[in-house]
2 protein chains.
Amino acid sequence: MIDRNALATVLQMGFSRATGPRNIVVETVVAWEGHFSAEELCRSIPQVGRATVYRTLVSLQEEGVICRLMIDGRAPRYLLGGTQHHHHMVCTQCGSVQDIADCGVDDFVDTVAERFGYEPDGHRLEIYGRCASCIGGERVTS
Amino acid sequence: MIDRNALATVLQMGFSRATGPRNIVVETVVAWEGHFSAEELCRSIPQVGRATVYRTLVSLQEEGVICRLMIDGRAPRYLLGGTQHHHHMVCTQCGSVQDIADCGVDDFVDTVAERFGYEPDGHRLEIYGRCASCIGGERVTS
DNA sequence: CACCATATTGAGATAATGTCTCATTAAATC
DNA sequence: GATTTAATGAGACATTATCTCAATATGGTG
């Protein structure tokens, strides 16, 4: 979880004024359980305009406070999580998302990129499947 | 490149009738150089209705004939490519896409999934950066 | 070949999501 | 409190995707 100081820092990044509406958006995002879409966020804080919500989401992505997942359908979903965590395991049944601490993907990426003369500046790894508790909950509930 | 027989097979998959419009869509997709969006495809074959184009794209994805890339903006882009190739390297400058033949990602995915008691059924790896020719073309063209 | 049953199509309505404009509001400073 | 201007937000607009249902075309049958 992001702490209050970091939050205050985030609120200032790239802006020259700290404002109420942006504060509401950031606090809501930080307090959110699990992932959310832009529209869900808008609905949950109707007192803040759509434009501001979208603008703030862009900033939060740029600052690495949240990341963007393309889970299934059309709308991207956002997840609180630092810049370093772009490896996720997504449960296709319950929608839960598990961060994967880096365990060699970065090296793999560098190796592949080098082979092709590529200069990598980012990558995304998402694993889809069913999480342990969805597998476990398979009994028929009478 | 997909051959004619495979194409004929694809055209039958999941359908009970072979039709002209669907044929046009599939042939256009197969002949496409690089990746494309659904709307680009629609524009290039205005004689086929949007609904049919979208329906056919869904079928082609299900059959593994094309895959769906989330490269940058909002609209997904499609790429001719078999079911097995979900590892791509995308040039953020020229937009070219390079398939990465599997070199261990699958094993990595299985290992991680097992650690979390996860039952994986798919994954996606996309590497973003600049390709060799974009790096090479950096000289100022007078 | 003509005919039938129905799978498939497509025009256009509708939905979902995201972007933009610009008059208004309000934060920071003096 | 007056001033400057960053930031907001209502709503128009844009883009992408889905849905409906009457019309059409396909494959099978006699």
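We name chains A, B, ... by the order of the sequence lines, and we start the count at 1 in each one.
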Would you say the base of [N] and the side-chain of [X] have a donor-acceptor pair closer than 3.5 Å?
X	N	answer
A:R22	D:dA7	no
B:R55	C:dG10	yes
A:R50	C:dG18	yes

### Query
If you pin B:P21 and B:R68 to their nearest nucleotides in DNA chain D, which one's is more 5'?
B:R68
### Task
Hey, which sits more toward the 5' end of DNA chain D by its nearest nucleotide, B:A38 or A:T56?
A:T56
With respect to the phosphate group of [N], does any side-chain polar atom (N or O) of [X] fall under 4.0 Å of OP1 or OP2?
X	N	result
B:T19	C:dT9	yes
B:S37	D:dT16	no
B:Y54	D:dT18	no

Please give, in whole Å, the distance from [N] [atom2] to [X] [atom1]?
X	N	atom1	atom2	result
A:E39	C:dT17	CD	P	6 Å
B:I45	C:dA11	CD1	C1'	16 Å
A:L57	D:dT8	CG	P	13 Å
B:N23	D:dG27	CG	P	11 Å
B:E40	D:dA17	CD	P	11 Å
B:L41	D:dT15	CG	C1'	16 Å
B:Y78	D:dT16	OH	P	11 Å
A:I24	C:dA27	CD1	P	11 Å

### Message
By the 4.0 Å heavy-atom rule, please label A:P46 as base, sugar-phosphate, or nothing.
### Response
nothing
### Query
Across the strands shown, which category fits B:Q47 at heavy-atom distances under 4.0 angstrom: base, sugar-phosphate, nothing?
sugar-phosphate
Measure from the side-chain heavy atoms of [X] and tell me the nearest of [options].
X	options	answer
A:T52	C:dT17, D:dA17, D:dT8	D:dT8
A:R17	D:dG27, D:dA6, D:dA17	D:dA6
A:A18	C:dA28, C:dT8, C:dT9	C:dA28

### Query
Side chains of A:H88 and A:D99: do they bring a donor and an acceptor to under 3.5 Å?
yes
### Query
Relative to the 5' end of DNA chain C, which residue comes earlier, B:G20 or A:A51, by the nucleotide with the nearest heavy atom?
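Here B:G20 is the residue nearer the 5' end.
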### Task
Using five base pairs at each end, measure the axis-to-axis angle across the helix from C:dC1-D:dG30 to C:dC30-D:dG1 and round it to 10 degrees.
20°
### Summary
Paired with A:H35, the side-chain hydrogen bond (donor to acceptor under 3.5 Å, both in side chains) test is passed by just one of A:E40, A:R68, A:R77, namely A:R77
### Message
For a 4.5 angstrom cut-off between non-hydrogen side-chain atoms, does B:Q47 reach B:I24?
### Response
yes
#### Entry: 4.5 Å side-chain heavy-atom contact, B:F36 and B:T28
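Answer no - side chains too far apart.
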### Query
Who passes salt bridge (charged side-chain N to carboxylate O under 4.0 Å, His left out) against A:E39, sequence neighbours left out?
A:R50
### Query
Does any N or O in the side chain of A:Y118 come within less than 3.5 Å of the main-chain N or O of B:C91, such that one atom is a donor and the other an acceptor?
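A pair under 3.5 Å: yes.
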### Task
Answer yes when A:R124 and B:E126 have at least one side-chain N-carboxylate O distance shorter than 4.0 Å, and no when they do not.
no
### Task
Please report the C-alpha distance between B:V90 and B:I127 in whole Å, then the side-chain angles of each, then the deciding distance to 0.1 Å, and finally whether the side chain to side chain contact (heavy atoms under 4.5 Å, CB included) criterion is met.
CA-CA 6 Å; B:V90 181; B:I127 302 176; over 6 Å; no
